[in-house]
Amino acid sequence: MAKEKPSIPKGTRDFSPEEIAKRNYIFDTIRNIYSLYGFKPIETPAMENLSTLMGKYGEEGDRLIFRILNSGDFLSKANIKDLNAGDSQKVSAQICEKALRYDLTVPFARYVVQHQNEITFPFRRYQIQPVWRADRPQRGRYREFFQCDADVIGSDSLFNEFELVKIIDKVFGELEIQITVKLNNRKILAGIAEYIGFADKIIDITTAIDKLDKIGLEKVNEELMDRGLTADAVEALQPVLMLQGSVSEKLASLRNTLQTSPTGLQGIDEMDEVFTLLESSPAYCHVELDLTLARGLNYYTGAIIEVKAKDVAMGSICGGGRYDDLTGIFGLPGVSGVGISFGADRIYDVMQELGLFPNDVLTFSKVLLVNFGTEEQKYAQKVLFKLRDAGISCELYPEAAKMKKQMQYADKNQIPFVIIIGKNEMETGQLAFKNMKTGVQELMDTEAVISYLNKI
RNA sequence: GUGGAUGUAGCUCAGCAGGUUAGAGCAUCAGAUUGUGGUUCUGAGGGUCGUGGGUUCGAGUCCCAUCUUCCACCCCA
């Protein structure tokens, strides 16, 4: 039998105990803050019906959905003509009924519609689960990664947008990542497109100007022409592209430019309100109005949110926005939602690169009890369970190995304290309690050890 | 999906124009040191050179294919 070299699919990863500890630090931070803001957790299946996902993420998105082949004699359901014609697109729809979820927003919309009678609106839910995309892997881009979503559905209030920004601010504040929050509004983008006379080309316009700081003004203008805009239209767009100044200055200028566009004006009002709320309760991080931000346009209708780390080049580490009618496609029209999603894996990469993980997240056991032999082990066991009863994570070295080896074990596992129990300690009840960081060792009885450890 | 780089020990990399048994550092394990780790010294284990073909008397080295990882585009967390 040929030996198979073990491997895992492209773009997926194993996680070691240390990596899990660091990842949990991120998840716990986000989960606690979501909870603090009154969001409730839900979970949905890893796989959805393919029809639930198709057409929700645009053409590009459809291509990146991982499909699950039907079990059994799946070919019997395939159309022979399509099969012979080599039409993968059609055949895959015939032989795949299920697919791995591509994000958490669409499954959430499905969940809301399906459970609408059990839900009290507005509904604040959070969801921390993996998603899968058949994208080509790159730095900060994986085929399996975790999203941490929070959405408020069933409320039009811009107070929600404000709260989501506050959550972003708090999460990155606690993780000590320096960030910039960029806000934009789809309605403003629509107003701009309308103003230059190409309302139908909003996607082309925004994806082009999204590249402004990447490829520069000239190239953007070239691309706009390539995408079918007239020279006049590109000319009219210039003042908008070069908009400078404070948020209120930008909004005032836009208000003047877009005065003929009711949609644009509404977008400006919305941004105005969010920024006013933020003034009443300032964020620690920098929140700016960025008209070149054009993410997730396939379903966002109002606010668009994106977060970038300041000190490291990485794609966006958090994104979100408002979608007015996401549940409409599942038969529940007129319900507005707004949400954000933290990209845990990218946040991990940023923190790893900047060395931001606190050392103590790597501590599992707090105490190691050294094992000297049968008699000593019996005594140590009693101490071990007393410590555990007191809520202290600890372990007893399972065999009477050389002391050096046991100390090394403690050292390598970042166990901060060691208790040594030999003949002397058994006689007096005074345990040798060693602090591995300082190297200081002193004699203490079990109770004293417990109260000491519970204090720190 | 398009274009480009990469792949030698667990990790980071050497390996000269193709030529005997493929090297180093770190890590691992053992010993120096039978009640004290993070320093030092000694020794050991570990590689079908990503995989499969081809050229050649001979391939880690050259050619082709394939996979992985990385980079740009696209898109995104």
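The basis for the numbers below is simple: all heavy atoms, side chains too, and nothing from hydrogens, waters or symmetry mates. Chain identifiers are assigned alphabetically (A, B, ...) following the order of the sequence lines, protein sequences preceding nucleic acid strands; residue numbering begins at 1 within each chain.
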Handout entry: Short N-O contact, A/R124 and A/E163, less than 4.0 angstrom
Key =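 Looking at A/R124 and A/E163, the cut-off is met.
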Please determine whether any donor N or O and acceptor N or O are separated by less than 3.5 Å between the side chain of [X] and the base of [N].
X: A/E425; N: B/rG35; value: yes
X: A/D411; N: B/rG37; value: yes
X: A/R136; N: B/rU2; value: yes
X: A/R63; N: B/rC75; value: no

Base, sugar-phosphate or nothing for [X]? Non-hydrogen atoms, less than 4.0 Å.
X: A/K10; value: sugar-phosphate
X: A/G439; value: base
X: A/K211; value: sugar-phosphate
X: A/F342; value: nothing

Exercise for the section: For residues A/F172 and A/Y284, establish whether the separation of their ring centroids is below 6.0 Å. Expected result: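 Between A/F172 and A/Y284, the centre distance exceeds or equals 6.0 Å.
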Exercise for the section: Whole angstrom is fine here: how far is it from NZ in A/K182 over to C1' in B/rA77? Expected result: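 After rounding, the reported distance stands at 15 Å.
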Practice task
Can you tell me, in whole Å, how much space there is between the P of B/rU6 and that of B/rC74?
Solution key: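 After rounding to an integer number of Å, I get 24 Å for this pair.
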Handout entry: Candidate list A/F145, A/W132, A/Y57, test ring-ring contact (aromatic ring centres under 6.0 Å, His included), partner A/Y102, passing option
Key =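 When ring-ring contact (aromatic ring centres under 6.0 Å, His included) is applied between A/Y102 and each of A/F145, A/W132, A/Y57, only A/Y57 qualifies.
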